[in-house]
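Letters A, B, ... are given to chains in the order of the sequence lines, protein chains preceding strands, and every chain is numbered from 1. Keep in mind that this is a model prediction, so the values were computed, not measured.
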Protein chains: 2
Amino acid sequence: MSDRLPPLTALRAFEAAARHLSFALAAAELNVTPAALSFQIKSLEAHFGAPLFRRLNRAVELTEAGSALAPGATDGFRTLAAAWRTAQRTQDHQSLTVTAGPAFTAKWLAPRLFEFAQAHPEIELRFSASLRVMDFARDNIDVAIRFAKQVDPDLFTLPLAEEWVTPVMTPAMAKQFPTPQSLRDAPLIVDDSIAFIYPPSDWNAWLAAMNIAAPASFGPRFSQADHATDAALAGAGVVLGRRALVLKYLAEGQLVAPYEFALATGARFWFLCPKAAQDRPQIVAFRDWIMREISKTSAVTDRITIIAKHDA
Amino acid sequence: MSDRLPPLTALRAFEAAARHLSFALAAAELNVTPAALSFQIKSLEAHFGAPLFRRLNRAVELTEAGSALAPGATDGFRTLAAAWRTAQRTQDHQSLTVTAGPAFTAKWLAPRLFEFAQAHPEIELRFSASLRVMDFARDNIDVAIRFAKQVDPDLFTLPLAEEWVTPVMTPAMAKQFPTPQSLRDAPLIVDDSIAFIYPPSDWNAWLAAMNIAAPASFGPRFSQADHATDAALAGAGVVLGRRALVLKYLAEGQLVAPYEFALATGARFWFLCPKAAQDRPQIVAFRDWIMREISKTSAVTDRITIIAKHDA
DNA sequence: CATATCGGTTCAGTTTTACTTATGTGAAGA
DNA sequence: TCTTCACATAAGTAAAACTGAACCGATATG
């Protein structure tokens, strides 16, 4: 038996060997000779007080003690490697990796990317568009923009403008459907990506808030918000547009929000980054820029009344 | 900049120094001289490419890079140490640490402890009674008995007898309240510890299943199931008894379950242990013993009909 | 205002650890 | 049978980690 922690070099050798179930491969991974690795394992076993591997004919397998040690060892070294990478990234003031959902990336970030690049030519901005919620350390992410009701209090968080939904469409189509009531005959594009929000913020909820019976059938369905928006842009119908995603088109006149009322979603976009990273220059630059861009566009929707939370 | 992982001895030195914010204390913890520690930090910083500590007058503080590295480093080494301890424990065939909720510990395990000790005098059984769900590696736990609907599929799991609830009381009180209907006038002891189960398995649910209107008020409340059971044992009223917790008293006649129907809870007790540990002799012994004990007592409640899941 | 003290650093020398090259062993497969 | 493969062992060497003593600057103290 022994101390609180074994010799770390030997433990790392064990971890690689357990992962490959081969001393030779582990030795190659660590850039040492098989002899060195064999010796490390042996010394670790001596330290431990029992074999960690069973030596078979031309292979090795873990003993019970080895199987108990292996997962935690792998996990521990992975954690250390992630921490090291994270620390390394603090030294990099040139690049900034942002993760956001596909819709926000396509409809908010990408159209404004050029302006950010002009304002901060020294920063190399990278995107990682995914619905999967990333881990800052593991996935080498600096900043996340996420749509959610609540966020992890261990992170640096900044609420972006509150989110609501209202029907948006091309100006041509707006002439066709001048009132909320007239939407019953309109092709209503369905965006399934908001399904996870509770209370729901879908067509049924908006129409209910307007005291309008739901139509017998809906129009085309999309699983991602940006595709639904694209369909509306193409004149395919009316989409229940989320503020952040359609603001730019409203400002430019490509889409209009003809009705007076919007439905609060209860959720919003958040700016997220690790607390330790909140003062890194490129993160500060990005944060300031995103806040400025948001305040810039808020005038576009001043006219719209937000309906307090629906009951549903 | 550098490799995938820095020299581990240096990293460990950093971790201790970051935790204490003192090189001297860190050196003491690692049983080395301050000189050695200073050198390790310096070499780590060289490897990293930037300072990790700011040297102040008579103290040190973390730089931004240091703050980014420290939490992950601590976490990583903690994980490694936990894995090492877990592996060490596999070599110990004498002792067995079991965690369970307070009620199960008091009303099921403790009363049977003597029998287990007789059957396996070589095993030193330890208890860790807590509602907090433990981590096997971190908390040095071998086996957990937990009441839940579902369990982690990465663990070795064994479902214990299905759990239901039915009113139980002293024999004297059973004469007073011969039918479920008569319970409306009985002191109904409330056990709040089942609140987390869904669908709820409380008095309202049981009475509803019997088509009995809930009484205007309930009797004493307890936040833990064993205390509620104790109150019933003392003749303070009728408690909605969970099978596992009251079986022994039913078998011994201290309590009776006078009515024919029990309500299934949808949850049950589980035997849990890490997969790697499932064949350790004392765990096998404990598992076999607990299964045997359970099958032994099932005859006591043969008479009772279990009502399939309530609607609520 | 000296001066002791505290926390960290530097340096020279020593011990310990880690590694390589070369050789050995036993079982599987051509 | 005779390679070949995968690991073990041995001897020697390079590298690392550590110690003890001297050092440095800043605070605290009488």
K.L.:
Show each protein N/O and nucleotides 26-30 of chain C N/O combination with a separation under 3.5 Å, one pair to a line.
P.N.:
unit_1, atom_1, unit_2, atom_2, d
C/dA28, OP1, A/N57, ND2, 2.8
C/dA28, O4', A/R58, NH1, 3.2

K.L.:
Distance check needed: D/dA16 P versus B/L11 CG, whole Å only.
P.N.:
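For the pair B/L11 CG and D/dA16 P, the rounded distance is 16 Å.
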
K.L.:
Calculate the interatomic distance between A/L52 atom CG and D/dC7 atom P; express it in whole Å.
P.N.:
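Answer to the nearest Å: 15 Å.
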
K.L.:
Starting at atom CG of A/N31, determine the distance to atom C1' of D/dA15, rounded to an integer number of angstrom.
P.N.:
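In whole Å, D/dA15 C1' lies 16 Å from A/N31 CG.
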
K.L.:
When you look at B/Q282 and B/H120, which way does the side chain to side chain donor-acceptor pair (under 3.5 Å) test go after all the steps?
P.N.:
CA-CA 9 Å; B/Q282 71 272 53; B/H120 297 280; over 6 Å; no

K.L.:
Are B/F48 and A/W84 an aromatic pair, judged by ring center distance below 6.0 Å?
P.N.:
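Under 6.0 Å, so yes.
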
K.L.:
On DNA chain D, does the nearest nucleotide to B/L30 precede the nearest nucleotide to A/L56 from the 5' side, or the other way round? Give the residue.
P.N.:
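Taking each residue's closest nucleotide, the earlier one in sequence belongs to A/L56.
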
K.L.:
How many Å lie between CZ on A/R54 and P on D/dA8, as a whole number?
P.N.:
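Answer to the nearest Å: 14 Å.
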
K.L.:
Using 30° and 60° as the class limits, which term best fits the ring planes of A/F23 and A/F53: parallel, tilted or perpendicular?
P.N.:
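Perpendicular, since the angle between the ring planes exceeds 60°.
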
K.L.:
Mind running a 4.0 Å heavy-atom check of residues 17-26 of chain A against DNA chain D and sending the residues that fall below it, in number order?
P.N.:
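DNA chain D contact set from residues 17-26 of chain A: A/S22, A/F23, A/A24.
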
K.L.:
Would you jot down, in residue-number order, the residues of residues 33-43 of chain A having a non-hydrogen atom under 4.0 Å from DNA chain D?
P.N.:
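A/A35, A/S38, A/K42, in order of number.
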
K.L.:
I'd like a table of atom pairs between the protein and nucleotides 12-14 of chain C - only N or O on both sides, under 3.5 Å - with the distance next to each one.
P.N.:
none

K.L.:
Salt bridge or not for A/D142 and A/R280, using N-O below 4.0 Å?
P.N.:
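Yes, A/D142 and A/R280 are salt-bridged.
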
K.L.:
With respect to the phosphate group of C/dG7, does any side-chain polar atom (N or O) of B/R55 fall under 4.0 Å of OP1 or OP2?
P.N.:
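For B/R55, the contact criterion (side-chain N or O under 4.0 Å from OP1 or OP2 of C/dG7) is not met.
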
K.L.:
Nearest whole angstrom, please: distance from the P of C/dT17 to the CG of B/L8.
P.N.:
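That distance rounds to 16 Å.
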
K.L.:
Which class fits the ring pair A/W289 and A/F116: parallel under 30°, tilted 30 to 60°, perpendicular over 60°?
P.N.:
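Rings of A/W289 and A/F116: perpendicular, over 60°.
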
K.L.:
Can you check the B/E45 CD to C/dG8 C1' distance for me, whole Å?
P.N.:
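One finds 12 Å between C1' of C/dG8 and CD of B/E45, rounded.
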
K.L.:
With a cut-off of 6.0 Å (strictly less than), are more than 12 heavy atoms of other residues, nucleotides or ligands near CD of A/E122?
P.N.:
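Result for CD/A/E122: enclosed.
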
K.L.:
For DNA chain D, which consecutive runs of 3 or more Watson-Crick or G-U pairs (each distance under 3.5 Å) count as stems?
P.N.:
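Stems for DNA chain D, defined as runs of 3 or more consecutive pairs: C:1-30 with D:1-30.
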
K.L.:
Hey, which of B/I141, B/I283, B/V143 is the one that makes side chain to side chain contact (heavy atoms under 4.5 Å, CB included) with B/V98?
P.N.:
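In the set B/I141, B/I283, B/V143, the residue that makes a side chain to side chain contact (heavy atoms under 4.5 Å, CB included) with B/V98 is B/V143.
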
K.L.:
Mind checking what makes ring pair (Phe, Tyr, Trp, His ring centres under 6.0 Å) contact with A/F156, not counting sequence neighbours?
P.N.:
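Checked A/F156 against ring pair (Phe, Tyr, Trp, His ring centres under 6.0 Å); zero matches.
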
